[in-house]
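Below is one structure, written out as structure tokens, with a few remarks after it.
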Amino acid sequence: MQLIEKQILYTGRKIRLEIHHLKDDDENRYQQEVCVHNGAVVILPWMDAKTIVLIRNFRYTVGEPLIELPAGTLEKGEDPMNCAGRELLEETGYLAGRIKPIGTFFSSPGVLSEKLYSFAAYDLEKKESALEEDEEIEIMPVLFGEALEMVDDHRIMDAKTIATLLMYERLHRART
């Protein structure tokens, strides 16, 4: 596919909506709707060897609170690990002594360019949170095993949280 033209329909704080006009090798023309996003981070914070921090976060777009891992959008040019530390502190009030990468994935590549970077955070120190004005977040410490059960019984329905928990479990099991 070759990009012929790009139309920018909307530019907001977090996304840009575009129509891409494409042609293939046979000169057939197509349009692709694209939601451009800077990317985001998701953090798996460990309070101790068995307990993680989840959050209950009201999501206006779905009209209900979701149980999630802390997460946030990358600023333009921001290093994902720095963003992870910043977002963890802002949303939970915890400062991480150590942050380690878990993996990366795309959230919905059919229409959205968002790439997610997941991290595990350790050696947490309680500080003050700095929620954004539109955030309604409740801290939920839970055992890691309980969080996996919450995925199984659909109490956790947030894709980035599910992906990060399951990637961590798979990688952690492989090492032990």
Side-chain angles (χ1 to χ4, degrees), residues 13-15 37-62 64-109 112-176:
R13 284 186 318 121
K14 294 186 178 188
I15 62 165
H37 190 283
N38 284 342
V41 298
V42 56
I43 308 102
L44 174 55
W46 288 90
M47 295 182 83
D48 58 43
K50 294 182 180 181
T51 310
I52 65 168
V53 177
L54 291 173
I55 61 174
R56 184 181 315 276
N57 190 4
F58 181 80
R59 293 295 188 175
Y60 174 80
T61 52
V62 296
E64 63 184 276
L66 296 179
I67 298 171
E68 308 175 6
L69 287 168
T73 302
L74 287 160
E75 301 292 334
K76 194 162 190 80
E78 184 177 24
D79 177 83
M81 191 173 290
N82 291 343
C83 181
R86 175 178 58 76
E87 287 291 344
L88 178 64
L89 183 60
E90 285 177 7
E91 291 192 353
T92 68
Y94 284 105
L95 180 65
R98 293 181 298 133
I99 297 178
K100 293 186 174 184
I102 296 172
T104 59
F105 54 95
F106 290 98
S107 59
S108 185
L112 181 61
S113 68
E114 179 184 41
K115 185 176 186 178
L116 284 130
Y117 301 82
S118 61
F119 296 93
Y122 305 94
D123 305 326
L124 303 182
E125 181 183 341
K126 188 63 175 158
K127 300 284 186 180
E128 291 234 2
S129 62
L131 298 177
E132 293 180 23
E133 62 185 28
D134 62 341
E135 290 180 317
E136 297 177 30
I137 292 176
E138 173 191 340
I139 306 300
M140 298 177 56
V142 300
L143 296 175
F144 184 71
E146 183 183 348
L148 295 175
E149 289 172 11
M150 294 168 88
V151 170
D152 292 342
D153 65 19
H154 308 289
R155 285 180 284 163
I156 294 179
M157 295 179 52
D158 173 64
K160 69 186 177 304
T161 299
I162 294 168
T164 298
L165 290 170
L166 298 180
M167 278 195 304
Y168 185 88
E169 180 196 30
R170 185 174 191 134
L171 294 172
H172 182 69
R173 262 196 196 156
R175 289 189 206 126
T176 56

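Computed over heavy atoms, backbone and side chain alike; hydrogens, waters and symmetry mates excluded. A quick note: this is a predicted structure, and the numbers were derived from the prediction, not measured.
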Kindly indicate whether the side chain of Leu165, heavy atoms from C-beta on, has any atom under 4.5 Å from the side chain of Ile156. yes
With rounding to the nearest 0.5 angstrom, report the CD1 to CD distance, Ile137 to Glu68. 8.0 Å
In Å, rounded to the nearest 0.5 Å, how long is the span from NE2 of His154 to CD of Glu149? 13.5 Å
Taking C-beta and beyond as the side chain, do Thr161 and Ile67 meet within less than 4.5 Å on heavy atoms? no
Could you give the distance from CD1 (Ile162) to NZ (Lys160), rounded to the nearest 0.5 Å? 10.0 Å
Are Met157 and Val62 side-chain neighbours, meaning at least one heavy-atom pair lies under 4.5 Å? no
Where Asn38 and Lys76 come nearest, the two heavy atoms and their spacing: ND2-N, 3.7 Å
Mind checking whether Leu124 and Asp48 have side chains closer than 4.5 Å, heavy atoms only? no
Ring geometry between Tyr122 and Trp46 (parallel below 30°, tilted from 30 to 60°, perpendicular above 60°): parallel
Minimum-distance pair of heavy atoms, taken over all atoms of Ser107 and Glu114: OG-OE1, 2.7 Å
Are any side-chain N or O atoms of Thr104 and backbone N or O atoms of Tyr117, one a donor and one an acceptor, separated by less than 3.5 Å? no
So, is the end of the Lys115 side chain (NZ or CZ) under 6.0 Å from the ring centre of Phe105 and within 45° of the ring's axis? no
Measure the spacing between CE of Met140 and CG of Leu69 and express it to the nearest 0.5 Å. 11.0 Å
Which atom pair, heavy atoms only, marks the closest approach of Ala40 to Leu74? N-CD1, 3.9 Å
Non-hydrogen side-chain atoms of Ile139 and Ile55 separated by less than 4.5 Å: yes
Under the salt bridge (charged side-chain N to carboxylate O under 4.0 Å, His left out) test, which residues partner Asp152, sequence neighbours left out? none
Side chain proximity check, Thr164 to Leu116, heavy atoms < 4.5 angstrom: no
Determine the minimum heavy-atom distance between Val53 and Pro70, stating which atoms define it. O-CD, 3.7 Å
Between Val41 and Phe119 the two heavy atoms that sit nearest each other are CG1-CE1, 4.0 Å
Please round to the nearest 0.5 Å and tell me the distance separating atom CZ of Arg98 and atom CG of Asp123. 4.5 Å
State, with a plain yes or no, whether a side-chain heavy atom of Glu75 is found less than 4.5 Å away from one of Cys83. no
Side-chain contact, heavy-atom cut-off 4.5 Å: Ile43 with Thr92? no
Can you name the closest pair of heavy atoms from Ala71 and Val42 and give their distance? CB-CA, 4.0 Å
State the NZ-OH distance between Lys127 and Tyr94, to the nearest 0.5 angstrom. 12.5 Å
